[in-house]
Amino acid sequence: MEIYNLFPGSFGSNCYLLISGDKAAVVDPSADADVILQKVAEHGATLQYILLTHGHFDHICSLDTLREKTGVPAHIHMGDADMPSDAHKNAFYIFFGQNRTYRTPEKTLGEGDVLMLGKEQIRMLHTPGHTEGSVCYLCGDDILITGDTLFDRGFGRYDLYGGDPYKLRQSLARLSMLDHSLIIYPGHGSPTDLGDAVQNCALL
């Protein structure tokens, strides 16, 4: 499975494009929808999935536009399903005092659910703590998209809607048990191997 970061996305959030064969998935559509679709077209692929790691505004900037242009449904963990449509829960109102909302994602996923992209698997790992429905996506054999759960030098904040430091600590401990040679692709910052990220995670 190939992965591309369409950074810079809006508000400094990473937007990832996954390619397997002639199928594509976008994770956290913070980049402009036309930029995403141009990259998909460059690879001769068809967009099959829109996947969200959680429901904060900075990771879903082009969510509605991308759905309108493609008809592809958005997937989110059931714990965050109501966040895009609520400016207080998605934190836009908290940061900017404005009611920016997005349509509710069409699909909900749960722990262990598997999606097929081409002939390769994308497995959802429920990792609450940053938000109640925060997830990581284990893609193919060596890619772990961690959203705002785990960064290359830290972890996501837990003082916004749905955040919980105890659950975040549990989620980080769970990630630390995975193969440390996995490459993590976080919601902000640079990719690194899981072992390095775990070593630099002060909450563990």
Side-chain angles (χ1 to χ4, degrees), residues 1-7 9 13-31 33 35-55 59-60 62-63 66-67 69-81 105-128 130 133-152 171-172 174-198:
M1 193 175 297
E2 300 173 85
I3 185 168
Y4 302 91
N5 186 0
L6 304 185
F7 184 85
S13 299
N14 293 328
C15 173
Y16 295 110
L17 183 66
L18 297 166
I19 302 287
S20 181
D22 62 353
K23 301 299 182 183
V26 63
V27 182
D28 288 352
S30 60
V35 171
I36 295 170
L37 294 176
Q38 180 179 350
K39 192 70 172 180
V40 172
E42 287 176 5
H43 289 272
T46 301
L47 187 64
Q48 185 174 1
Y49 302 114
I50 300 171
L51 307 176
L52 307 180
T53 62
H54 63 292
H59 295 263
I60 58 175
S62 64
L63 177 61
L66 192 60
R67 286 186 287 180
K69 287 178 176 286
T70 64
V72 175
H75 296 68
I76 195 169
H77 187 274
M78 58 190 72
D80 278 12
E106 292 83 358
K107 304 284 188 178
T108 56
L109 296 172
E111 165 64 29
D113 282 351
V114 174
L115 300 172
M116 296 303 299
L117 186 68
K119 296 181 179 180
E120 299 181 272
Q121 291 187 348
I122 299 175
R123 183 180 299 274
M124 173 184 275
L125 307 178
H126 185 209
T127 53
H130 177 61
S134 285
V135 303
C136 298
Y137 291 103
L138 185 58
C139 309
D141 297 324
D142 56 0
I143 294 170
L144 183 65
I145 298 176
T146 55
D148 283 5
T149 297
L150 178 64
F151 303 137
D152 57 338
S171 293
L172 293 171
R174 178 191 184 187
L175 294 181
S176 74
M177 300 299 291
L178 300 177
D179 184 348
H180 279 202
S181 68
L182 287 168
I183 304 301
I184 73 160
Y185 292 83
H188 302 272
S190 302
T192 189
D193 62 83
L194 177 60
D196 183 62
V198 168

Colleague: Could I get the full list of side-chain hydrogen bond (donor to acceptor under 3.5 Å, both in side chains) partners for T146, not counting sequence neighbours?
Modeller: none

Colleague: Compare every heavy atom of C15 with every heavy atom of P29, then report the nearest pair and how far apart it is.
Modeller: CA-SG, 3.9 Å

Colleague: Could you tell me whether the side chain of Y16 and the main chain of G187 form a donor-acceptor pair under 3.5 Å?
Modeller: no

Colleague: Please evaluate residues L144 and L150 with respect to the criterion side-chain contact (heavy atoms from CB on, under 4.5 Å), reporting the C-alpha separation (whole Å), side-chain torsions for both, the decisive distance (0.1 Å), and the verdict.
Modeller: CA-CA 10 Å; L144 183 65; L150 178 64; over 6 Å; no

Colleague: Does E111 reach the main-chain N or O of L125 with its side chain, forming a donor-acceptor pair under 3.5 Å?
Modeller: no

Colleague: Give, for atom NZ of K23 and atom CD of E120, the distance between the pair rounded to the nearest 0.5 Å.
Modeller: 14.0 Å

Colleague: Should the ring pair F151 and H188 be called parallel, tilted or perpendicular, given that the plane angle runs from 0 to 90° and is split at 30 and 60?
Modeller: perpendicular

Colleague: Considering non-hydrogen atoms only, spot the tightest contact between G44 and D22 and give its length.
Modeller: O-CB, 4.0 Å

Colleague: Just checking, is any N or O donor in the side chain of S181 or D179 under 3.5 Å from an acceptor N or O on the other one?
Modeller: yes

Colleague: With distance as the sole test, does S62 use its side chain to make a donor-acceptor pair with the main-chain N or O of A31 at under 3.5 Å?
Modeller: yes

Colleague: Which residues pass the ring-ring contact (aromatic ring centres under 6.0 Å, His included) test with H54, not counting sequence neighbours?
Modeller: H56, H59, H130

Colleague: For the atom pair SG (C136) and CD1 (I145), what is the distance rounded to the nearest 0.5 Å?
Modeller: 9.5 Å

Colleague: Quick one: ring-ring contact (aromatic ring centres under 6.0 Å, His included) partners of Y137, sequence neighbours excluded?
Modeller: none

Colleague: Atom CD1 of I184 and atom OG1 of T192: how far apart are they, to the nearest 0.5 Å?
Modeller: 6.5 Å

Colleague: Check for a donor-acceptor pair, side chain of S13 on one end and backbone N or O of S30 on the other, with a separation under 3.5 Å.
Modeller: no

Colleague: Taking it one step at a time, do I143 and Y185 satisfy side-chain contact (heavy atoms from CB on, under 4.5 Å)?
Modeller: CA-CA 7 Å; I143 294 170; Y185 292 83; 3.8 Å; yes

Colleague: For a quick test of reading the model, state the closest non-hydrogen atom pair linking R174 to H126 and the distance between them.
Modeller: NH1-O, 3.2 Å

Colleague: Just verifying a value: how many Å separate L52 CG and I60 CD1, rounded to the nearest 0.5 Å?
Modeller: 7.0 Å

Colleague: Looking at I76, L117, I122, V26, which one forms a side chain to side chain contact (heavy atoms under 4.5 Å, CB included) with L51?
Modeller: I122

Colleague: Could you grab the distance from atom OG1 of T127 to atom CG of D148, nearest 0.5 Å is fine?
Modeller: 10.0 Å

Colleague: Considering non-hydrogen atoms only, spot the tightest contact between G110 and M124 and give its length.
Modeller: O-SD, 3.5 Å

Colleague: Quick check: closest heavy atoms across L172 and T149, and the distance to 0.1 Å?
Modeller: CD2-O, 3.5 Å

Colleague: Less than 4.5 Å apart, any side-chain heavy atom of E106 and any of R67?
Modeller: yes

Colleague: Can you tell if the side chain of L109 reaches within under 4.5 Å of the side chain of V135, non-hydrogen atoms only?
Modeller: no

Colleague: Between A81 and T108, what is the shortest heavy-atom contact and its length?
Modeller: CB-CG2, 4.1 Å

Colleague: With a 3.5 Å distance limit and no angle check, can you tell me whether Y49 reaches the backbone of V72 through a side-chain donor-acceptor pair?
Modeller: no

Colleague: When rounded to the nearest 0.5 angstrom, what distance separates CG in D28 from CG in L6?
Modeller: 11.5 Å

Colleague: Quick one: does V27's side chain get under 4.5 Å of I3's, heavy atoms only?
Modeller: no

Colleague: Do side-chain atoms of S176 reach the backbone of V198 as a donor and acceptor pair under 3.5 angstrom?
Modeller: no

